Amino acid sequence: MIDRRAFLEKSALLSALGFLPRALSAEEYERDVMGSPVGTMPNFRGRPCVVSSANGINGVKVAYDRIRGGIDPLDAIIAGVNLVELDPDDQSVGLGGLPNEEGVVQLDASCMHGPSRRAGAVGCLEDIATPSLVAKAVMDYTTHVLLVGPGARKFAVALGFRTQNLLTEKSRQDWLRWKSRLSKNDNWLDHDDDVKINWTHGTINMNAVNAAGDVSSVTTTSGLAWKLDGRLGDSPIHGAGQYTDNDVGAAGSTGLGEINIKACGGFLTVEFMRNGATPEQAALKTLERMVHVTEPRLLDQRGRPRYDIQVYAVAKDGRYGAATMYEGASFAVCDERGPRLEPCAYLFKTADRPR
Ligand code: GLY
């Protein structure tokens with residue numbers, strides 16, 4: 001460890017010798033060396049910003065407008081992801097989400113509220129379309145952080161959440177066609193039409209910061225399509241599917257959750273930002289770590305992953321970024337320039353994707 005005085009003396013010396021381009025400003029020093037972000041500096045003024053997976057393009061505008069209207073960032077982004085949870089046509093989240101192997105829709109969600117340092121989550125929740133709100137209720141009304149399965153459902157019903165059948169006819173038909181193709185030797189007749197499904201491990205992650213530099217994050221999903229009954233992905237896991245540290249920023253992920261759980265992707269991205277990386281650099285470094293923790297069966301002969309995953313991040317000062325394993329994905333952002341899709345940075349070119 002190097003104390004502040006020694007650091008300043010050393011950096012001044014190195015700077016004088018030409019090894020450093022210039023001495024760090026006090027702000028850079030606090031952020032890069034002491035690990036304290038710019039937001040803890042006196043006179044800090046943030047820049048509101050909302051960032052999410054591409055399927056949140058409408059939600060980021062809803063969230064941003066609410067933040068500008070003075071609504072708490074977590075409430076604002078939950079309103080943003082509710083749009084997607086309640087959209088029966090998005091088969092990766094909430095109502096209409098693709099079911100598990102038994103044809104049952106099981107939802108996962110988690111959230112973190114930076115200013116109060118609180119967190120909530122639910123996993124394998126059935127019959128309730130807005131798990132993000134149930135996750136927040138766990139945070140608001142209990143001493144717990146994560147409720148799963150029938151207990152999570154019971155808790156939500158006790159609070160007045162409406163139950164409904166989440167399996168839309170479209171998702172039921174997709175599930176039936178998937179099931180009928182499991183084996184050539186089973187008793188299901190094969191059909192000529194192929195199963196065309198856009199999302200098999202889609203999700204929505206949304207992160208936001210307001211003008212005061214207060215940060216929050218939320219992730220919600222129906223998880224991996226056709227998963228085993230009881231499978232939890234990364235979305236309900238704090239530090240994986242999303243993570244917030246109000247001193248630094250927030251980050252979250254979409255894509256193959258099993259990899260993200262092992263890499264602690266949300267937490268890692270925030271820690272990279274704490275150590276000075278920009279949101280985009282932090283997201284790319286987290287993807288590199290994900291490749292590093294991937295088991296051989298999910299890598300090709302050149303060590304390239306056979307899966308895709310995206311990381312989204314926002315810093316306390318309003319900078320943002322996102323990265324994806326393979327070129328081509330975009331992400332949604334809304335700030336003073338309005339809602340838009342931007343291309344994710346990437347680790348590998350599309351041409352290098354394993355066939
Ligand atoms: N990232 C969503 C999941 O794997 O469940």
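Predicted, not measured: the structure shown is a model, and the values here were computed from it. Atoms within each ligand, like the ligands themselves, are counted from 1 in listed order.
- Ligand 1 lies nowhere less than 4.0 angstrom from a heavy atom belonging to Lys227.
- Polar contact with ligand 1: present for Asp234 (N/O pair, distance under 3.5 Å).
- For a threshold of 3.5 Å applied to N or O pairs, the pair formed by Arg231 and ligand 1 contains at least one separation below that value.
- With hydrogens and angles ignored, the 3.5 Å screen pairs a side-chain donor or acceptor of Asp308 with a backbone N or O of Met325.
- Proximity to Gly255 (heavy-atom distance under 4.0 Å) selects the following atoms of ligand 1: 1 (N), 2 (C), 3 (C), 4 (O).
- One finds a salt bridge joining Asp174 and Arg177 here, because a Lys/Arg side-chain nitrogen approaches an Asp/Glu carboxylate oxygen to under 4.0 Å.
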- Task: Go through Thr130 and Glu85 one step at a time and tell me if the side chain to side chain donor-acceptor pair (under 3.5 Å) criterion holds.
- Result: CA-CA 6 Å; Thr130 52; Glu85 289 176 324; 5.0 Å; no

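- Of all the heavy atoms of Leu224, the ones lying under 4.0 Å from any atom of ligand 1 belong exclusively to the backbone.
- The aromatic rings of Trp178 and Trp226 sit parallel, their planes meeting at an angle under 30°, below the 60° perpendicular limit.
- Close contacts of ligand 1 with Thr203, meaning ligand atoms under 4.0 Å from a residue heavy atom, involve 1 (N), 2 (C).
- Between the side chains of Asn82 and Ser132, at least one donor-acceptor pair of N or O atoms lies under 3.5 Å.
- Inspection of the Tyr320 and Glu342 side chains reveals an N or O donor paired with an N or O acceptor under 3.5 Å.
- The Gly223 neighbourhood of ligand 1 comprises atoms 5 (O), with distances under 4.0 Å to a heavy atom of that residue.
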